[in-house]
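Below is one structure; the comments refer to it alone.
Quick note on labels: first sequence line is chain A, next is B, and so on, each numbered from 1.
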There are 2 protein chains.
Amino acid sequence: MNKVPPTRTSPVTALDVARRANVSRSAVSRAFTPGASVSESTRLKILKAAEELGYRVNLVARGLNKQRTDLVGMIASRMDNPYRAQQIDALAKHLVRKGFRPMLFCIDEENNVEQLLSILLNYRVSGVVITSDAPPAEICAECARMGVPLVLVDRADDLPFVDRINGDDVKGGQLAAEALMEAGRQSFIAVRQDSLGYSGQVRVSAFAERTAQEGIKAQIISVGQDEYAGGAEAATSVAEMLEDNPGVFCPSDTVALGLVDTLRTRYGVEIPRQLGVIGYDDIPQASWNFARLTTIRQSVTDFARVTVDLLCDRMENPELAPRTRKVDVHLVQRDSA
Amino acid sequence: MNKVPPTRTSPVTALDVARRANVSRSAVSRAFTPGASVSESTRLKILKAAEELGYRVNLVARGLNKQRTDLVGMIASRMDNPYRAQQIDALAKHLVRKGFRPMLFCIDEENNVEQLLSILLNYRVSGVVITSDAPPAEICAECARMGVPLVLVDRADDLPFVDRINGDDVKGGQLAAEALMEAGRQSFIAVRQDSLGYSGQVRVSAFAERTAQEGIKAQIISVGQDEYAGGAEAATSVAEMLEDNPGVFCPSDTVALGLVDTLRTRYGVEIPRQLGVIGYDDIPQASWNFARLTTIRQSVTDFARVTVDLLCDRMENPELAPRTRKVDVHLVQRDSA
DNA sequence: GTGAAAGCGCTAACAC
DNA sequence: GTGTTAGCGCTTTCAC
């Protein structure tokens, strides 16, 4: 099966193609530039020569010349969160569809947002999307100075010079409260889980405010860092509040799943008979049989589309005032509430 | 909070820094090249000037010049599979750690491996890792010709010029069979799910061969494309084979989870009393309470490390014969078997 | 150790 | 429509 390795041919450039096709190298360049003015006949001649030589445009060289690479950085964290993984997947696909080339940097102990963003800037990327922690303000300013659009996903509204995209967390929290109230729950609990950051806070607050409107104060349970384990942790408290027929809101499906799963297996609680649970995101696992989780869905493809729009707008017009765009959410009714 | 946007400064180049520091631009270049010969004093002087001007090396220009960009392409599919997402995460992190810059392309309806690989080649990437379908042989040859190392993850051994990395699927299948036998199961079933591709096949075959060694023929159940749904589908058949005290092997945790979950909720089956189930990969969901899935674990960080090693080796020595490296696997004993 | 000059492969005025 | 020329910003011999 393994033939001899092909001899490494010396890299073939536009000049090689030009010579072979008996044209100038600019003609070659034009032949590979959509919408440039070349006669069809020479274009074909050039394409043929290129084909024979195995020529491919060097996008690095083109990038240097055009001062734009079409590279777009994505800075992510917590890819073990299924929703985040889906977001990245959808974003990467949509970027490619729009002619960009996604780079993926994941935060970890050794590399923080700032360092990664700095590398991206050195590559003269056409834009950056950040789904992890927000970067320091000063480097945002530097992006602005360099004309590199920055989009923050699900982050607070406190950074200058950048565009933001969020799910409609307020509506989401409200929908959750309303669904639980309509299901006839008498008391309300929200689980606060810190790794969710800004969005989680907003969702929980909106939930609590909505129940307060009906005169019922929601209890807040705070739990630790890991999402599923956090839900499991919350189960201990929730198990003791069952007599009030509670409705529980978790600002993330994984937290909700940890809660539901633990409540049933460890405490023999029946859902939705004894309590209702609502999650957030509608990850694939939410529909699994053991949970059949009612949840608030936000579409990752909407996110991707809007994010790329934001990027493109700002490339065309860097002077635009910073914008925040919201993605709609809706309730997905299953059996847990 | 929103100050006025900083005026877009014209891009500052090495020449600007050079003038400001009263040196030549080659000095500036050296100052930013680790291990170049510059006196400490001028280096400092240059760094200071660069700092003041807000200079950052243009990696695109450097890439053009050095004929290598340190960009490494990752071509992935099915990021909704948690294991794949973890693999990408681990790989991206390790690449950065080693000084590379990961690009992420996800296969979809509009973009197949070949097209995406072709784009990558145009960026003169330093290497490509493919965790999705294998690309056509001819483009592999082209990578070889261009001196771009290619690593295939979990793919069959049928492509020339490329390196491969696999989990030890044979050992994994055997371990599963042995664990089930030790648990006293009397009959054996393996679920075949096609989206798993090559690795899935090998695992199932190894499982069947191992039970055959003990004189018991394993039954194979073939199911549809979606992993969890495939497991649920298998549940229907498995539910009718319970009297034989079966041990079931699923070559992916998500399939196993679909099976376990459906068996319990739809058929009231008790696990492990009535049957044993073993999955593969040890994704986070495998340890969730509803399943407590016994599974075969393969470390994503091992994968990442070996993959990058493979890449680096071949960059240093492109003439190397194609290699296949195996990552070890082991049994994670939980409650489902 | 430092500077001058050449060149990486491409695009974009500008002439013709 | 096509060729000529001049860079894009960097690294790298090669002298000194």
Side-chain angles (χ1 to χ4, degrees), chain A residues 9-47 49-50 53-71 119 121-126 146-148, chain B residues 9-47 49-50 53-71 119 121-126 146-148:
Chain A
T9 62
S10 59
V12 17
T13 79
L15 185 56
D16 300 321
V17 178
R19 282 204 262 259
R20 176 158 191 134
N22 277 312
V23 293
S24 72
R25 62 166 152 289
S26 16
V28 178
S29 174
R30 290 194 260 263
F32 285 93
T33 307
S37 76
V38 215
S39 77
E40 193 56 16
S41 65
T42 58
R43 212 181 68 88
L44 255 35
K45 190 170 58 178
I46 291 169
L47 256 30
L53 260 31
Y55 170 76
R56 19 182 88 241
V57 277
N58 184 330
L59 293 179
V60 179
R62 172 182 290 180
L64 174 60
N65 187 295
K66 294 192 133 171
Q67 313 267 53
R68 58 172 291 176
T69 50
D70 295 334
L71 256 21
I119 296 175
L121 252 21
N122 288 351
Y123 272 99
R124 303 302 190 264
V125 291
S126 300
M146 295 183 67
V148 175
Chain B
T9 61
S10 60
V12 17
T13 78
L15 185 56
D16 300 321
V17 177
R19 282 203 262 260
R20 175 156 191 137
N22 276 312
V23 294
S24 70
R25 61 166 154 292
S26 10
V28 177
S29 174
R30 291 185 183 108
F32 284 94
T33 306
S37 75
V38 213
S39 77
E40 194 57 16
S41 64
T42 58
R43 210 180 69 90
L44 256 35
K45 190 169 57 178
I46 291 169
L47 256 31
L53 260 31
Y55 169 76
R56 19 182 89 243
V57 280
N58 184 328
L59 259 21
V60 179
R62 172 182 289 181
L64 174 60
N65 188 295
K66 294 189 128 170
Q67 315 268 52
R68 58 172 292 176
T69 51
D70 294 336
L71 256 24
I119 297 175
L121 251 20
N122 288 351
Y123 274 100
R124 302 304 190 263
V125 292
S126 299
M146 295 183 68
V148 175

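To the nearest angstrom, C1' of C:dC8 lies 13 Å from CG of A:Asp16. Going from atom CG of A:Leu121 over to atom C1' of D:dG9 covers 16 Å, rounded to whole Å. Across the protein-nucleic acid pair, A:Glu40 atom CD and D:dT2 atom C1' stand 16 Å apart, rounded to whole Å. B:Arg68 places its CZ atom 16 Å from the C1' atom of D:dT12, with the value rounded to the nearest Å.
Side chains of A:Asn58 and A:Thr13 form no contact here, defined as non-hydrogen atoms less than 4.5 Å apart. For the pair A:Lys45/A:Thr42, a side-chain contact is recorded, criterion being any heavy-atom separation below 4.5 Å from C-beta on. Within the 4.5 Å cutoff, the side chain of A:Arg124 has heavy atoms near those of the A:Met146 side chain. At least one side-chain heavy atom of A:Tyr123 sits less than 4.5 Å from a side-chain heavy atom of B:Asp70.
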Base contacts versus sugar-phosphate-only contacts with protein, heavy atoms under 4.0 Å: please encode nucleotides 9-16 of chain C as B, S and - from 5' to 3'. BBBBB---

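Under 4.0 angstrom from either OP1 or OP2 of C:dT2 there lies no side-chain N or O belonging to B:Ser24.
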Test log, rule side-chain contact (heavy atoms from CB on, under 4.5 Å), inputs A:Thr69 and A:Leu59: CA-CA 7 Å; A:Thr69 50; A:Leu59 293 179; over 6 Å; no

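Here the closest non-hydrogen pair linking A:Val12 and A:Gly54 is CG1-O, 3.7 Å.
Using a 4.0 Å heavy-atom criterion, one finds that B:Val23 contacts the sugar-phosphate atoms exclusively.
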